[in-house]
> 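Have a look at this one before I ask anything.
FYI, side chains are in, hydrogens and waters are out, and symmetry mates aren't considered; it's all heavy atoms of this structure.
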Amino acid sequence: MGYSIRMDRVKPSAIRSVQKRIASKQGVISFAAGLPDPDLFPMDDLKKSTMEMIEKKGKQAFQYGLSKGNPELLQVLAERMQRKEGVDAKPEKLL
């Protein structure tokens with residue numbers, strides 16, 4: 001498959017070249033390139049929460065959501081802001 005001629009003239013982003021160099025070095029953690037240490041990923045928690053979401057939402061769990069955000073999450077965030085920060089937050093005012 002070929003791309004348009006215009007795409008042949010597009011230069012790779014600087015961040016991509018930084019990521020490539022950093023990814024090839026062992027023991028380097030770069031916050032600038034968006035490469036967190038994978039050893040810090042909570043894999044067991046991620047597996048558990050992924051399975052819970054699949055069981056709860058099924059295939060719908062993999063669909064794009066509203067651009068404004070997930071209504072359930074916005075509600076939880078608003079309640080947390082009210083409880084912890086004393087901010088009179090409303091879900092419809094968050095995004």
Side-chain angles (χ1 to χ4, degrees):
M1 176 170 98
Y3 295 105
S4 68
I5 294 169
R6 182 174 95 57
M7 289 307 296
D8 289 336
R9 294 189 296 255
V10 174
K11 293 184 172 84
S13 72
I15 197 74
R16 187 170 291 161
S17 64
V18 169
Q19 285 177 322
K20 193 182 261 186
R21 274 187 264 145
I22 291 171
S24 67
K25 297 182 182 190
Q26 291 293 326
V28 174
I29 299 171
S30 170
F31 297 106
L35 295 170
D37 182 356
D39 290 334
L40 299 176
F41 298 153
M43 295 307 296
D44 290 336
D45 293 336
L46 291 170
K47 282 182 195 176
K48 181 181 175 209
S49 59
T50 299
M51 292 311 298
E52 285 175 8
M53 186 54 63
I54 291 170
E55 289 170 10
K56 183 178 177 183
K57 300 281 187 175
K59 293 176 184 176
Q60 192 63 31
F62 298 99
Q63 290 292 345
Y64 286 104
L66 301 170
S67 57
K68 178 163 176 41
N70 178 289
E72 294 170 19
L73 177 59
L74 293 171
Q75 181 65 43
V76 169
L77 291 172
E79 290 170 2
R80 184 178 197 276
M81 290 174 71
Q82 290 171 1
R83 186 178 65 253
K84 291 198 169 241
E85 307 294 331
V87 174
D88 187 22
K90 305 267 187 278
E92 60 274 8
K93 298 290 184 181
L94 302 175
L95 43 104

> Heavy-atom count check: over 12 atoms from other residues, nucleotides or ligands less than 6.0 Å from Arg6 CZ?
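Count not over threshold, so no.
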> Mind listing the closest non-hydrogen atom pair of Ala78 and Ala89 along with its distance?
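The pair with the smallest heavy-atom distance is CB-O, 3.8 Å.
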> Taking atom CG of Asp44 and atom NZ of Lys48, what is their separation to the nearest 0.5 Å?
10.5 Å
> Group every Ile, Leu, Val, Met, Phe, Trp and Tyr by side-chain heavy-atom contacts under 4.5 Å, then state whether Leu94 and Val87 land in the same group.
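Yes, Leu94 connects to Val87 through the hydrophobic network.
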> Using 0.5 Å steps for rounding, measure from the NZ atom of Lys90 to the CD atom of Gln82.
6.0 Å
> Looking at Lys68 and Glu92, would you say the former's side chain and the latter's main chain have a donor-acceptor pair under 3.5 Å?
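A pair under 3.5 Å: yes.
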> Going from CG on Leu73 to CG on Leu77, what distance comes out if it is rounded to the nearest 0.5 angstrom?
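So the CG of Leu73 and the CG of Leu77 are separated by 4.5 Å.
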> Counting only heavy atoms not in Ile5 (residues, nucleotides, ligands), do more than 12 fall under 6.0 Å from its CD1?
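For Ile5, atom CD1 is not crowded (no more than 12 foreign heavy atoms under 6.0 Å).
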> When rounded to the nearest 0.5 angstrom, what is the spacing between CE in Met51 and NZ in Lys47?
11.0 Å
